[in-house]
Engineer: 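Could you have a look at this structure, given as structure tokens, before my questions?
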Amino acid sequence: QVQLVESGGGSVQTGASLKLSCVSSHLILGIYCMGWFRQATGKERAAIGTITNDGRTAYTDSTKGRFTISKDNGKNTLYLEMNDLKPEGSGIYYCAARYGSRCSQDLVFTYWGPGTQVTVSS
């Protein structure tokens, strides 16, 4: 059973930067599709972006240019670097994993972390 644990959330002001981490209990980042998602209070969970097993990234339009997904396979760690944060970026941030080379925010992800809270104040 793969376990994912996010960290790095916090309370920041508009325009600030944060870097989230997601550590996996198993060596999966080289063979799994990984994704970052955000759920704002009272809203459905929404995709931020994905990274394939071989390192190709894709982002939703709302975060493109400001957010960067990366990973360190050897450290079993996925990252989400967020710049120029806005209040609408507040929410719980989740990382997720699904087996295989097919990688899209529209696919079903098998494993999820418990999430880390990010609050952006104006």
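Because the structure is predicted, anything quoted here is derived from the model rather than measured.
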Engineer: Take atom CD of Glu88 as the centre, draw a 6.0 Å sphere, and report whether it contains more than 12 heavy atoms from other residues, nucleotides or ligands.
Structural biologist: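 Enclosed: over 12 neighbouring heavy atoms sit under 6.0 Å from CD of Glu88.
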Engineer: Hey, does the side chain of Glu6 reach the backbone of Gly115 with a donor-acceptor pair shorter than 3.5 angstrom?
Structural biologist: yes
Engineer: With ring centroids as reference points, do Phe37 and Trp112 lie under 6.0 angstrom apart?
Structural biologist: yes
Engineer: If you measure from CD1 on Ile92 to OG1 on Thr119, what distance do you get to the nearest 0.5 Å?
Structural biologist: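 One finds 9.5 Å between CD1 of Ile92 and OG1 of Thr119.
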Engineer: Rounded to the nearest 0.5 Å, how far does CD of Gln13 lie from CG of Leu85?
Structural biologist: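 Going from the CG atom of Leu85 to the CD atom of Gln13 covers 11.5 Å.
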Engineer: With the side chain counted from C-beta on, respond yes when Ser17 and Asn83 share a heavy-atom pair under 4.5 Å apart, and no when they do not.
Structural biologist: yes
Engineer: So, for Thr52 and Cys103, which heavy atoms are closest and what is the spacing to 0.1 Å?
Structural biologist: CG2-CB, 3.7 Å
Engineer: If I compare all heavy atoms of Arg45 with all of Tyr94, which pair ends up nearest, and what's the gap?
Structural biologist: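 Looking at all heavy atoms of both residues, the shortest contact is CD-CD1, 3.8 Å.
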Engineer: Taking a hydrophobic cluster as the set of Ile, Leu, Val, Met, Phe, Trp and Tyr residues connected by side-chain heavy atoms closer than 4.5 Å, whether directly or through intermediates, do Leu80 and Val120 fall within one such cluster?
Structural biologist: yes
Engineer: Would you give the length of the straight line joining atom OG1 of Thr57 to atom CD1 of Ile51, rounded to the nearest 0.5 angstrom?
Structural biologist: 6.0 Å
Engineer: Taking atom CD of Gln117 as the centre, report whether more than 12 heavy atoms of other residues, nucleotides or ligands fall under 6.0 Å from it.
Structural biologist: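 Enclosed: over 12 neighbouring heavy atoms sit under 6.0 Å from CD of Gln117.
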Engineer: If I take atom CD1 from residue Ile31 and atom OG from residue Ser101, how far apart are they, to the nearest 0.5 angstrom?
Structural biologist: 11.0 Å
Engineer: Checking side-chain contact (heavy atoms from CB on, under 4.5 Å) for the pair Leu78/Trp36: CA distance, chi angles, key distance, verdict?
Structural biologist: CA-CA 9 Å; Leu78 175 73; Trp36 282 102; 3.3 Å; yes
Engineer: For the residue pair Phe67 and Tyr93, categorise the inter-ring angle as parallel (less than 30°), tilted (30 to 60°) or perpendicular (more than 60°).
Structural biologist: tilted
Engineer: If I take atom OG from residue Ser62 and atom CZ from residue Arg38, how far apart are they, to the nearest 0.5 angstrom?
Structural biologist: 5.5 Å
Engineer: Answer whether the closest heavy-atom distance between the side chains of Pro87 and Thr14 falls below 4.5 Å.
Structural biologist: yes
Engineer: Could you go through Leu20 and Met82, starting from their C-alpha distance and side-chain angles, then the distance that decides it, and tell me whether this counts as side-chain contact (heavy atoms from CB on, under 4.5 Å)?
Structural biologist: CA-CA 8 Å; Leu20 306 182; Met82 305 183 290; 3.8 Å; yes
Engineer: Are the side chains of Tyr59 and Thr68 in contact, using a 4.5 Å heavy-atom criterion?
Structural biologist: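 Heavy-atom side-chain distance check passes, below 4.5 Å.
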Engineer: Mind listing the closest non-hydrogen atom pair of His26 and Val2 along with its distance?
Structural biologist: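 Closest pair (atom of His26, atom of Val2, distance): ND1-CA, 4.0 Å.
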Engineer: Given Ile69 and Met34, is the side-chain contact (heavy atoms from CB on, under 4.5 Å) satisfied, shown in steps?
Structural biologist: CA-CA 9 Å; Ile69 296 173; Met34 305 295 295; over 6 Å; no
Engineer: Which heavy atom of Ser21 sits nearest a heavy atom of Thr77, and at what distance?
Structural biologist: CB-CG2, 4.1 Å
Engineer: Measure across Gly30 and Asn53 and return the closest heavy-atom pair with its distance rounded to 0.1 Å.
Structural biologist: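 That would be O-CB, 3.3 Å.
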Engineer: Specify the closest pair of heavy atoms between Gln105 and Thr60, including all atoms of both residues, with the distance to one decimal.
Structural biologist: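 For Gln105 and Thr60, the tightest heavy-atom pair comes out as OE1-CG2, 3.1 Å.
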Engineer: If hydrophobic clusters are built by linking Ile, Leu, Val, Met, Phe, Trp and Tyr wherever their side-chain heavy atoms come under 4.5 Å apart, do Phe109 and Tyr111 end up in the same one?
Structural biologist: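 Phe109 does not cluster with Tyr111.
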Engineer: Would you mind reporting whether Ile28 and Tyr99 have side-chain heavy atoms less than 4.5 Å apart?
Structural biologist: no
